[in-house]
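Here the structure is laid out as structure tokens; the discussion comes afterwards.
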Amino acid sequence: MQLSKRETQLIELFIKHGMTLTGQELAEFANVSTKTIYRTIKKINEESENGDIIVSEVGKGFRLDYEKYLKESLQKRSDNQAQGPMERRNAILLTLLFRSPRRILIHDLFSPYYVSDTVISNDLNRIAEFLKGYHLKLIKKDQRIAIEGKEKDIRKVVNGLLSANTLMDADFTTQKHKISAYDINFITSLLEFIENQLKSGIVYPYNMNIFSHIYILIKRVREGEIRSDLSFEQLDEDEQKLIERYHELYKLSEMVISKMNDYLNLELPKSETFYLFQYLISSRIENTPIKLVEKSQTALEMTEYFSKKMSEKMGIRIDQQPNQQDLYSHVEPMLYRLKNEIIVKNDLLSDIKLEYGQTFNQVKQVSQEVQEVFQVNEISEDEIGFLTLYFVKYKEMINSKKRVLIMCSSGVGTSELLKVKVRKAFPELEIVDVLSARQYKKKADQYHNIDLVLTTVHLNTDMQVPSILVNSVFTKQDEQRVKQMLGEIE
């Protein structure tokens, strides 16, 4: 099922605004006529291989059959892997990268695709242009071609082309690139060994990123010619300090490479230990017992910057200590990934953009500021997507608590007692502040998203949120009335 841009946008409207919408609602959201909506729905259903995915319901409008939509999406993903000029070029590019620097006959590369000489020439020109951005060259000689460049640049391109999830797909591993089931099992056992040594799991997508790295290394050994990268043979002062700081992770990398030497029956270059070490310190490891000498000051400052700016943009406080520590645990390895241009693919990126578009754009704006302030490499949309999920989580955590203001005539004394009693009766509430009505009038704009006001005085001001007049000692009757009001707010 191949959808046009308009058809895709129509389905996204259902996902964003509700599974059931009227034709008029769809037309208003899409800024088109209802006739266009009906015509688009008909086209989508005609293209579907699983029956109508948008069904008409009398008196309600149109409903997206979500299960059928997911089936179509999976089929489309599968079809895209095997069809189209971009998929063809990517497949050829991967073959060349895996076998670099060996030369391959152009005829052998393109014969499975039954394309003309003109198409072949066009594909090779596009591939050559693409490789320039990664400091790699496409070399052609006597009807053979090869890719030449540094090993780390070759790995970077392969990692960018491969979706980590497809590596675990049986069809991909056994047919398209012919890596054996034994290799897959071995890589899986290595991941389990790493997690056992860490006494902790490596969370998604970092576990898949390490899987991809080891997979690419094995493929390069099987089909290419692994060469020692001279730039890694002599580590500079910063890299030596990094090894000292993460000494346990470096020792773990040495153990893993030793196991790979035994499995492949060869001696991998010493640089491979540092490559794997880079991926380990670029990953977020939950509850790790690994001891660090000290925290990164830059990562701490960047975490604080993200928290402050996103708090302003989202209108909520997200700089509490638990959130800061949680975010820091992501920012520190991200900072290292940016410095060393290590790519972590975000397979959820399109869904994150669709579901949390506003927050994603806010994080993107702050990320651009971070690049300037901290002089770091470009923060990719993949990374921005991961960061977005953190701020969405913090927002939902805060929003799950009802925000309460406590007011009295003076803002002190009896209101503090009231605060203690309210907190004891309703620990699930977030008491934002204790203040007088006069103080509230002066700085009302500072209090966003307040759900309820508890006051010991009559409020003359027109409040935009529910308020309850309570006794300063907060009696059982007051407690019951607050419970009832909270139920109505829910």
Report the C-alpha separation of Thr40 and Leu26 in whole Å, then their side-chain angles, then the decisive distance to 0.1 Å, and conclude whether the side chain to side chain contact (heavy atoms under 4.5 Å, CB included) test is met.
CA-CA 11 Å; Thr40 306; Leu26 287 166; over 6 Å; no
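- Scanning for side chain to side chain donor-acceptor pair (under 3.5 Å) contacts around Glu383 gives Arg337, with sequence neighbours left out.
- Ring geometry, Phe391 versus Phe306: the interplanar angle falls from 30° to 60°, so the pair is classed tilted.
- Interatomic distance, OG of Ser283 versus CG of Asn207, reported as 8.5 Å (0.5 Å rounding).
- Not one N or O on the side chain of Arg144 forms a donor-acceptor pair closer than 3.5 Å with the backbone of Ile104.
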Start with the C-alpha gap between Lys132 and Glu129, add the side-chain angles, then the distance that decides, and say whether salt bridge (Lys or Arg N to Asp or Glu O under 4.0 Å) holds.
CA-CA 5 Å; Lys132 284 181 183 177; Glu129 195 63 33; 3.5 Å; yes
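- Checked by atom type, the side-chain pair Tyr263/Asp183 shows a donor-acceptor distance below 3.5 Å.
- In terms of modelled atom types and a separation under 3.5 Å, the side chain of Asn45 and the main chain of Ile54 share a donor-acceptor contact.
- For the pair Phe386/Val344, a side-chain contact is recorded, criterion being any heavy-atom separation below 4.5 Å from C-beta on.
- For residues 90-100, the pairs satisfying salt bridge (Lys or Arg N to Asp or Glu O under 4.0 Å) are Arg99-Glu223, with sequence neighbours left out.
- Side-chain contact check for Lys353 versus Glu381: some heavy-atom pair is nearer than 4.5 Å.
- Inter-residue side-chain proximity for Leu217 and Met260 is flagged as met; some heavy-atom pair is nearer than 4.5 Å.
- No donor-acceptor distance shorter than 3.5 angstrom exists from the side chain of Asp65 to the backbone of Ile53, with no hydrogens or angles considered.
- Remark: Lys395 NZ to Met314 CE distance equals 5.0 Å, nearest 0.5 Å.
- With a 4.5 Å cut-off on side-chain heavy atoms, Phe98 and Ile154 do not count as touching.
- Counting only distance, with no hydrogens or angles, the side chain of Asp52 and the backbone of Val55 share no donor-acceptor pair below 3.5 Å.
- With hydrogens and angles ignored, the 3.5 Å screen pairs no side-chain donor or acceptor of Glu341 with any backbone N or O of Leu338.
- Salt bridge status for Asp326 with Lys393: present, with a side-chain N to carboxylate O gap under 4.0 Å.
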Please test Lys137 against Glu148 for salt bridge (Lys or Arg N to Asp or Glu O under 4.0 Å), starting from the C-alpha separation and ending with a verdict.
CA-CA 5 Å; Lys137 292 182 179 179; Glu148 292 185 358; over 6 Å; no
Test log, rule side chain to side chain contact (heavy atoms under 4.5 Å, CB included), inputs Leu387 and Leu327
CA-CA 8 Å; Leu387 286 166; Leu327 186 59; 4.2 Å; yes
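- Closest approach of Ile187 to Ile218, counting heavy atoms only: CG1-CD1, 3.8 Å.
- Looking at Glu7, its side chain never comes within 3.5 Å of a backbone N or O of Lys43 through a donor-acceptor pair.
- Looking only at side-chain heavy atoms (C-beta outward), Tyr279 and Tyr206 stay at 4.5 Å or farther from each other.
- Between the side chain of Ser48 and the main chain of Ile44, no donor-acceptor pair closer than 3.5 Å is present.
- Remark: Gln143 CD to Arg103 CZ distance equals 12.0 Å, nearest 0.5 Å.
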For side chain to side chain contact (heavy atoms under 4.5 Å, CB included), just list the numbers for Lys150 and His135, CA-CA rounded to whole Å, side-chain angles, deciding distance to a tenth of an Å, and then say yes or no.
CA-CA 8 Å; Lys150 290 183 178 179; His135 312 293; over 6 Å; no
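- A cation-pi geometry, defined here as NZ or CZ lying under 6.0 Å from the six-membered ring centre and within 45° of its normal, holds between Arg155 and Tyr275.
- The aromatic rings of Tyr250 and Phe277 sit perpendicular to each other, their planes meeting at more than 60°, with 30° as the lower class boundary.
- Across all their heavy atoms, Leu249 and Leu198 have their closest contact at CD2-CD2, 3.7 Å.
- By the 4.5 Å heavy-atom criterion applied to side chains, Leu280 and Ser253 are counted as neighbours.
- In terms of heavy atoms, Tyr328 sits closest to Ser296 at OH-N, 2.9 Å.
- Taking the side chain as every heavy atom from C-beta outward, Ile202 and Asn209 never approach each other to under 4.5 Å.
- Rounded to the nearest 0.5 Å, atoms CD1 (Ile257) and CD (Glu272) are 6.0 Å apart.
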Chi angles and distances behind the salt bridge (Lys or Arg N to Asp or Glu O under 4.0 Å) call for Asp382, Lys345
CA-CA 6 Å; Asp382 291 290; Lys345 296 271 285 184; over 6 Å; no
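- A salt bridge is absent between Lys251 and Glu248; no separation between the charged side-chain nitrogens and carboxylate oxygens falls under 4.0 Å.
- By the 6.0 Å and 45° rule, Lys259 stacks over the aromatic ring of Phe193.
- Looking at every heavy atom in both residues, Ile379 comes nearest to Gln371 through N-OE1, 2.9 Å.
- Panel note: side chain Ser212, backbone Met208; a donor-acceptor pair is recorded below 3.5 Å.
- Annotation for Leu13 and Leu21: closest pair O-CD1, 3.8 Å, computed over non-hydrogen atoms.
- To the nearest 0.5 Å, atom OG of residue Ser271 and atom CD of residue Gln278 are 10.0 Å apart.
- The closest donor-acceptor contact from the side chain of Asn122 to the backbone of Thr118 lies at 3.5 Å or more, if one exists at all.
- More than 12 non-hydrogen atoms from other residues, nucleotides or ligands lie less than 6.0 angstrom from CD of Glu46.
- For Thr36 and Ser33, the side-chain atoms include at least one donor-acceptor pair closer than 3.5 Å.
- Interatomic distance, Ile120 CD1 to Phe110 CZ, rounded to the nearest 0.5 Å: 5.5 Å.
- Side-chain contact check for Gln324 and Ser307: at least one donor-acceptor pair (N or O, by modelled atom type) lies under 3.5 Å.
- Taking 4.5 Å as the limit, some side-chain heavy atom of Glu25 sits within range of a side-chain heavy atom of Phe29.
- Tyr394 and Tyr390 have tilted rings, their planes meeting at an angle from 30° to 60° on a 0 to 90° scale.
- Formation of a donor-acceptor pair under 3.5 Å by the Asp153 side chain with backbone atoms of Leu136 is not found in this model.
- Applying the side chain to side chain donor-acceptor pair (under 3.5 Å) criterion to Lys339, with sequence neighbours excluded, gives no partner residue.
- When all heavy atoms are compared, the tightest approach of Ser367 to Ile384 is OG-CG1, 3.7 Å.
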Salt bridge (Lys or Arg N to Asp or Glu O under 4.0 Å) evaluation trace for Lys308 with Glu301:
CA-CA 10 Å; Lys308 180 183 176 183; Glu301 291 174 5; over 6 Å; no
